[in-house]
Trainee: 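There's a structure below that I have some questions on.
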Amino acid sequence: MSRHDMLKDLNPQQREAVLHSEGPLLVLAGAGSGKTRVITHRFAYLSTVKKVPPTSILTMTFTNKAADEMKERIEGLLGRSIKGLWIGTFHSLCCRILRREIERFGFKRDFCIYDEHDTYDLIRSILKAFNMHEALYKGISSRLSTLKASLIGPEDLLKNEDSYDFDEKFARVYVRYQEELRRNNALDFDDLIMYTVRLFEEYPKVLRKYQDEFPYIMIDEFQDTNISQYRLSKLLASRDKNICVVGDDDQSIYRFRGANVKNILAFKNDFSKAKVIRLEQNYRSTKHILDAAGGVISCNSMRMPKRLWTDRTDGEKVLYCITNTERDEAGYIARTIKELYLKGRYSYKDFAVLYRVNQQARVIEDAMRDSGIPYKVIGSLSFYQRKEIKDIISYLKVIVNPDDSVNLRRIINSPPRGIGAATLGRIENEARKKDKGLFEMMKIIISSNGYSASLKEKIRDFVELIEDLNSQKDGELSRLLELIYERTGYLEWVGEERAENLTELLHSVEGKDIKGFIDTASLYTPIDESQDGDAVSLMTLHCAKGLEFPVVFIAGAEDGLVPYFHAIKRQEELEEERRLLYVGITRAKDRLFITRAKRRKFYTSVKELKPSRFLDEIPTGCYQCYEKRHGRGSIAIETKVHLEPVASTPFVAGVRVRHPKWGIGVVRESYGDDDDMKVMVNFPSVGVKRLSLRFAHLERI
DNA sequence: AAACTAAAGCTTTTT
DNA sequence: GCTTTAGTTT
């Protein structure tokens, strides 16, 4: 591909960003301004024009999906696929580095990665051992994560022993937690980054090696980086300073997870000669939608000033619909989707319904089902989080790494093999006393006295099972899974429904090797499990980031949902909620609907909620408000404010018509614009037909 | 050890 | 309202 080809589809700012190949570069890329395009074209430019080997460009993203998309597009630009590219998530790339280097920290190279659930289990076992409230595990886990993301290790915590808010018990848990991870030869998500940073800080030679390996660095969604990720980027870029970061402070919605928008400002300070380029042309949304978004986000005080613009037309106005209850709201959404769908311009996959909390999905799902609209709920419970899948992955983890006591614990009695909580507790105590791992301890028990024969028998069976499976681990992975199912009787134990998922798992691992699969399973949450099929997407506002849809609904525009109850006290939290709405609005390409219910059920009680305070921030010119009112009696009727002017046609539902060929029928439904009116007619002779009034010569009778 | 029952929770969550 | 957890029974 020539230099010309590479640049021809870019606007001046995008082009400038692509051409700025040396030195630090900050690209402030507004929603829908083509940031992925900049990264991919810049990659292609570096490799073909500047002759940088593609494997020397480190490109870090936050999601696997973003990484996959980038890989695909870059390979498309380069016209070939390349092995060994360093394009991936922070976590997967750090994992790749640590697989080579971790031995310096006393881990083995085949360490395993603990996902959220594994860490929960570990923390709970520690709390139990310390006689602390086990129910606190979630809070403890998030505190641990925050500390690690800020590069504060247990030893740093202990240094502050004298400070007034020093929490001795918590510090002990942290120390023990890290010890246990090491004992289990396991790293959690935050460790992947933290140890990589430590590696580079404590071993300058290693850092230099990787600086040689990656003279060019690019980072996507920079506003989402936390302290450790920023430090990592800074270390790698500190020598050559060829670092390009792309982000949008207005789309920072993960502060609660440690993301630090200030990194954008820090970047400008840390790399003093950083070039700053703003991408403000939006290629996604109509003017009205963009105006609505701009009105909202401009109310934030803590942001870098910018203004998105588009050369698209005004488009339809944003519609704001008020309903009485959440069920009415869901019904309205379903009906509107159906109506737009029947007009034929959109397929179901063009629609998204966005909401603040997953709980809202249920009533919307009901409405979709009732209307016969195909839908998929995204991000609720991912495949890999299901119990049965996690169990089998635990088997695999233990087979590869018998030191992994947490996963061993998980499977030791699933399916039940007579080693229950009491027995397990005994083994664990012994193991702790002898400073051994669980598996080792079990092997000791088999050949020692003082345990009942039946217990030894059970334990021997289990140890032999794992060792047998371990000897088979280098064969075909799907064969190994079959073997696990067979030898443990797992399928029969979990029942038919869950067994189906396991069969699916079996098919999905065809041709993969065990270690690669375990890493993928730990680091991969398939956001789009069933991408196929034409279906409306239901998801939280958070999940929607990075996506776009022709038609978007934002449900629950109420104070209490957007902004959420807990997030109205502090300014920073409120502004994050505002950004969340901004992200939602900017997902829409052509049509945007915002809905709210006056009364909404929360758990058991019904609450009356006021409209979201953010709605007042939408300029009046770009939206239209209407309300569904109750008519006389108990029947709810809709005041006739239609999406588009109601078609003036005599052929409305219920009318009898005559068709020259099919005879007499009854109109089921009529829809479409005035000039392109369509009707669905049920003819007793041939069934339901869709007809265009322009062509079919219908006669009203 | 497993199954049952009562009670207490309860945003968002790229990895 | 429904899922997760703790405590109790069988």
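Both backbone and side-chain heavy atoms feed into the values below; hydrogens, waters and symmetry mates do not. Sequence lines set the chain letters: A, B, ... in the order given, protein chains first and strands last, and positions in each chain run from 1. For clarity, every value in this text was computed on a predicted model and none was experimentally measured.
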Trainee: Considering every strand shown, what is the Watson-Crick or G-U wobble mate of B:dA3 when both distances are under 3.5 Å?
Mentor: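 With both distances under 3.5 Å, B:dA3 matches C:dT8.
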Trainee: May I ask you to check whether A:H542 and A:Y254 place their ring centres under 6.0 Å from each other?
Mentor: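 Yes.
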Trainee: Return the set of residues passing side chain to side chain donor-acceptor pair (under 3.5 Å) with A:D190 (not counting sequence neighbours), or none when no residue passes.
Mentor: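 A:D190 satisfies side chain to side chain donor-acceptor pair (under 3.5 Å) with A:S145 only.
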Trainee: Just to be sure I understand the rule, does A:T61 reach a base, reach only the sugar-phosphate, or reach nothing, if contact means heavy atoms closer than 4.0 Å?
Mentor: nothing
Trainee: Which protein N or O atoms sit under 3.5 Å from an N or O of nucleotides 8-12 of chain B?
Mentor:
unit_1, atom_1, unit_2, atom_2, d
B:dT11, OP2, A:Y603, OH, 3.4
B:dT12, OP1, A:N358, N, 3.1
B:dT12, O4', A:R356, NH2, 3.3
B:dT12, O2, A:R356, NH2, 2.7

Trainee: Let's see if you can work this out: which of C:dT5, B:dT14, C:dC2 has an atom nearest to the side-chain heavy atoms of A:Y137?
Mentor: C:dT5
Trainee: Tell me which pairs pass salt bridge (charged side-chain N to carboxylate O under 4.0 Å, His left out) where either residue lies in residues 553-568 of chain A, with sequence neighbours left out.
Mentor: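 Qualifying pairs: A:E558-A:R600, A:D559-A:R613.
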Trainee: Taking the P atom in each of C:dT5 and B:dT12, what is the distance between them to the nearest angstrom?
Mentor: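 It comes out at 16 Å once rounded to the nearest Å.
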Trainee: Could you give the distance from CD (A:E573) to CD (A:E577), rounded to the nearest 0.5 Å?
Mentor: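 The CD atom of A:E577 is 8.0 Å from CD of A:E573, to the nearest 0.5 Å.
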Trainee: Counting N and O atoms only, with roles assigned by atom type, does the side chain of A:T323 sit under 3.5 Å from a partner on the main chain of A:R596, one being a donor and the other an acceptor?
Mentor: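 The answer is yes, because a donor-acceptor pair under 3.5 Å joins these two groups.
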Trainee: With a 4.0 Å cut-off, would you call A:E365 and A:R362 a salt bridge?
Mentor: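 No, A:E365 and A:R362 are not salt-bridged.
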Trainee: Indicate whether the side chain of A:D391 and that of A:Y490 have a donor and an acceptor atom separated by less than 3.5 Å.
Mentor: yes
Trainee: Could you go over nucleotides 2-6 of chain B and give all protein N or O partners under 3.5 Å, atom names and distances?
Mentor:
unit_1, atom_1, unit_2, atom_2, d
B:dA2, OP2, A:N413, ND2, 3.1

Trainee: Does C:dA6 have OP1 or OP2 under 4.0 Å away from a side-chain N or O of A:R124?
Mentor: yes
Trainee: Below the 4.0 Å mark, does C:dG1 have OP1 or OP2 next to a side-chain nitrogen or oxygen of A:K601?
Mentor: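 It does, given that an N or O in the side chain of A:K601 lies less than 4.0 Å from OP1 or OP2 of C:dG1.
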Trainee: I'd like to check the side chain to side chain donor-acceptor pair (under 3.5 Å) partners of A:R231; sequence neighbours left out, ordered by chain and number.
Mentor: A:E201
Trainee: By nearest heavy atom, map A:S92 and A:K458 onto DNA chain B; which one lands nearer the 5' end?
Mentor: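 By nearest-heavy-atom nucleotide position, the 5'-most residue is A:K458.
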Trainee: Applying side chain to side chain donor-acceptor pair (under 3.5 Å), name anything that partners A:D249, two or more places apart in sequence or on another chain.
Mentor: A:K306
Trainee: Under 3.5 Å for both donor-acceptor distances, Watson-Crick or wobble: does B:dT13 have a partner, and if so which one?
Mentor: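 For B:dT13, the partner nucleotide comes out as none, under the 3.5 Å rule.
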